[in-house]
> 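Please find one structure pasted underneath; my questions will follow.
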Amino acid sequence: MTAPVFVVDSLVLPDGCGGEFVLDGPEGRHAVSVKRLRAGEDVVLTDGRGRWAEGVVKAAEGKDRLVVMDLETVHEEPPAQPRITVVQALPKGDRGELAVETMTEVGIDAIVPWAAGRCITQWKGERGVKALTKWRATAREAGKQSRRVRFPEVGELASSKQVAGLLAGADFAAVLHESGEGTLATAALPSAGEIVLVVGPEGGVSPEELALFAEAGAAAYRLGPSVLRTSTAGTAAGALLLGRTGRWS
């Protein structure tokens with residue numbers, strides 16, 4: 001099994017540290033009290049923004065301090081190409097966190113929550129702040145679980161007009177919709193740049209939104225013969241794109 005990943009705010013080894021680092025706080029507590037790591041076990045520390053270092057547990061102290069040694073080199077993982085962003089309409093209940101979790105696990109680079117016209121769920125006021133915080137926390141935890149060192153960015157809630165602006169700047173823009181004449185499996189994809197994929201709500205993308213997105217350069221594509229739920233469509237489509245672009249080679 002690959003070494004567990006723990007997140008630090010800034011992965012900079014101070015001079016004279018001798019390759020040692022103390023992991024404390026919530027991450028240290030998880031390592032010591034939940035994972036029960038012991039001396040000699042391998043770990044990976046990352047800032048979640050592409051910087052990471054391998055180390056070995058020197059000691060577990062108390063309930064929330066893990067001393068890591070042999071951190072000699074900080075590596076930098078460059079952003080993957082092409083970059084894949086999924087615009088995710090707000091699902092009902094906790095399916096939003098499910099969508100974020102699984103999209104993170106497969107390797108999506110950015111997730112943009114979208115207040116589509118047919119969304120039942122509405123992010124307003126304090127409820128919206130809490131929901132966005134949950135999405136971002138889910139991306140962080142799923143990034144650790146899937147051993148990523150560059151976690152997906154979860155953007156602010158976007159309106160349909162803002163989504164259209166995002167699509168207009170993409171190298172390839174697509175809307176998953178049953179009206180599509182072509183399939184995502186046969187679409188011509190760029191080898192670099194930005195891919196933006198729109199996943200609509202349970203009620204579907206409205207004709208007005210489809211027209212707005214088409215004007216921005218996003219064509220409608222079918223994913224397959226069956227209709228997926230909004231909480232799973234982004235993950236399935238993302239996996240297809242990751243395979244077709246060679247990122248899963």
> Give a yes or no on whether the backbone of G25 and the side-chain of D64 come within a donor-acceptor separation of less than 3.5 Å.
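No; zero donor-acceptor contacts below 3.5 Å.
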> Any side-chain to backbone donor/acceptor pair from S33 onto K63? Under 3.5 Å, distance only.
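Between the backbone of K63 and the side chain of S33 there is a qualifying donor-acceptor contact (under 3.5 Å).
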> Does anything in residues 85-106 pair up under ring pair (Phe, Tyr, Trp, His ring centres under 6.0 Å), and if so which pairs, sequence neighbours excluded?
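Listed by first then second residue: nothing to list.
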> Quick one: side chain to side chain contact (heavy atoms under 4.5 Å, CB included) partners of R38, sequence neighbours excluded?
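So R38 forms a side chain to side chain contact (heavy atoms under 4.5 Å, CB included) with R36, E41, A60.
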> Is any side-chain heavy atom of L23 closer than 4.5 Å to a side-chain heavy atom of V43?
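No, too far: nothing below the 4.5 Å cut-off.
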> Taking the side chain as every heavy atom from C-beta outward, state whether R65 and V22 have any atom pair closer than 4.5 Å.
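Side-chain contact under 4.5 Å: yes.
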> For F151, check ring-ring contact (aromatic ring centres under 6.0 Å, His included) against everything at least two apart and list the hits.
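Once residues adjacent in sequence are excluded, F151 has no partner under the ring-ring contact (aromatic ring centres under 6.0 Å, His included) criterion.
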> Can you check whether V163 reaches E209 side chain to side chain, under 4.5 Å on heavy atoms?
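Answer no - side chains too far apart.
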> Taking ring pair (Phe, Tyr, Trp, His ring centres under 6.0 Å) as the cut-off, I'd like each qualifying pair that reaches into residues 63-94, sequence neighbours left out, listed once.
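Qualifying pairs: W52-H75.
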> With the side chain counted from C-beta on, respond yes when T232 and T102 share a heavy-atom pair under 4.5 Å apart, and no when they do not.
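No; the side chains remain at least 4.5 Å from each other.
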> Quick check: do L90 and W135 have side-chain heavy atoms less than 4.5 Å from each other?
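Yes; the side chains approach each other to less than 4.5 Å.
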> Looking at P91, is its backbone amide N or carbonyl O close enough to the side chain of T121 to form a donor-acceptor pair, meaning the two atoms are under 3.5 Å apart?
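Answer holds: yes.
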> Throw together a table of side-chain donor-acceptor distances under 3.5 angstrom for residues 168-178, partners on residues two or more places apart or in other chains.
residue: D171; atom: OD2; partner: E194; partner atom: N; Å: 2.7
residue: H177; atom: ND1; partner: S179; partner atom: N; Å: 3.1
residue: H177; atom: ND1; partner: S179; partner atom: OG; Å: 2.8

> In chain order, what residues pass the side chain to side chain contact (heavy atoms under 4.5 Å, CB included) check against A137, with sequence neighbours excluded?
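Once residues adjacent in sequence are excluded, A137 has no partner under the side chain to side chain contact (heavy atoms under 4.5 Å, CB included) criterion.
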> Is there a chain of hydrophobic side chains (I, L, V, M, F, W, Y, each step under 4.5 Å between heavy atoms) that links V199 to V87?
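V199 and V87: separate clusters.
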> Quick one: salt bridge (Lys or Arg N to Asp or Glu O under 4.0 Å) pairs with a partner in residues 91-104, sequence neighbours left out?
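Those involving residues 91-104 do not exist here.
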> Can you confirm whether more than 12 heavy atoms, excluding those of E76, are under 6.0 Å from its CD atom?
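Buried by this count: over 12 neighbours within 6.0 Å.
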> Identify, with sequence neighbours excluded, every residue that meets side-chain hydrogen bond (donor to acceptor under 3.5 Å, both in side chains) alongside T138.
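Not a single residue meets the side-chain hydrogen bond (donor to acceptor under 3.5 Å, both in side chains) criterion with T138.
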> Would you say the side-chain atoms of R150 pair up with the backbone N or O of A80, donor to acceptor, closer than 3.5 Å?
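No, because the side chain of R150 does not come within donor-acceptor range (under 3.5 Å) of the backbone of A80.
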> Among pairs that include at least one residue of residues 229-245, which meet salt bridge (Lys or Arg N to Asp or Glu O under 4.0 Å), considering only residues two or more places apart or in two chains?
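Only E202-R229 qualify under salt bridge (Lys or Arg N to Asp or Glu O under 4.0 Å).
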> Are L45 and V32 co-members of a hydrophobic cluster defined by side-chain heavy atoms under 4.5 Å apart?
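Both belong to a single hydrophobic cluster.
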> Check whether any side-chain N or O of Q88 sits under 3.5 Å from a backbone N or O of T230 as a donor-acceptor pair, and report yes or no.
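Side chain of Q88 to backbone of T230: a pair is present.
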> Once side chain to side chain contact (heavy atoms under 4.5 Å, CB included) is applied, do any residues pair with V129, and if so which ones, sequence neighbours excluded?
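Partners of V129 by the side chain to side chain contact (heavy atoms under 4.5 Å, CB included) criterion, ordered by chain and then number, come out as T133.
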> Name all residues meeting the side chain to side chain contact (heavy atoms under 4.5 Å, CB included) criterion together with E156; count only those two or more places apart in sequence or in a different chain, and write none if there are none.
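Result, side chain to side chain contact (heavy atoms under 4.5 Å, CB included) vs E156: L132, R136.
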> Answer whether the closest heavy-atom distance between the side chains of P152 and M103 falls below 4.5 Å.
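They are not in side-chain contact.
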> Do any side-chain atoms of residues 110-120 form donor-acceptor pairs under 3.5 angstrom with protein atoms, and if so which ones, sequence neighbours left out?
residue: W114; atom: NE1; partner: S160; partner atom: OG; Å: 3.1
residue: R118; atom: NH1; partner: G203; partner atom: O; Å: 3.1

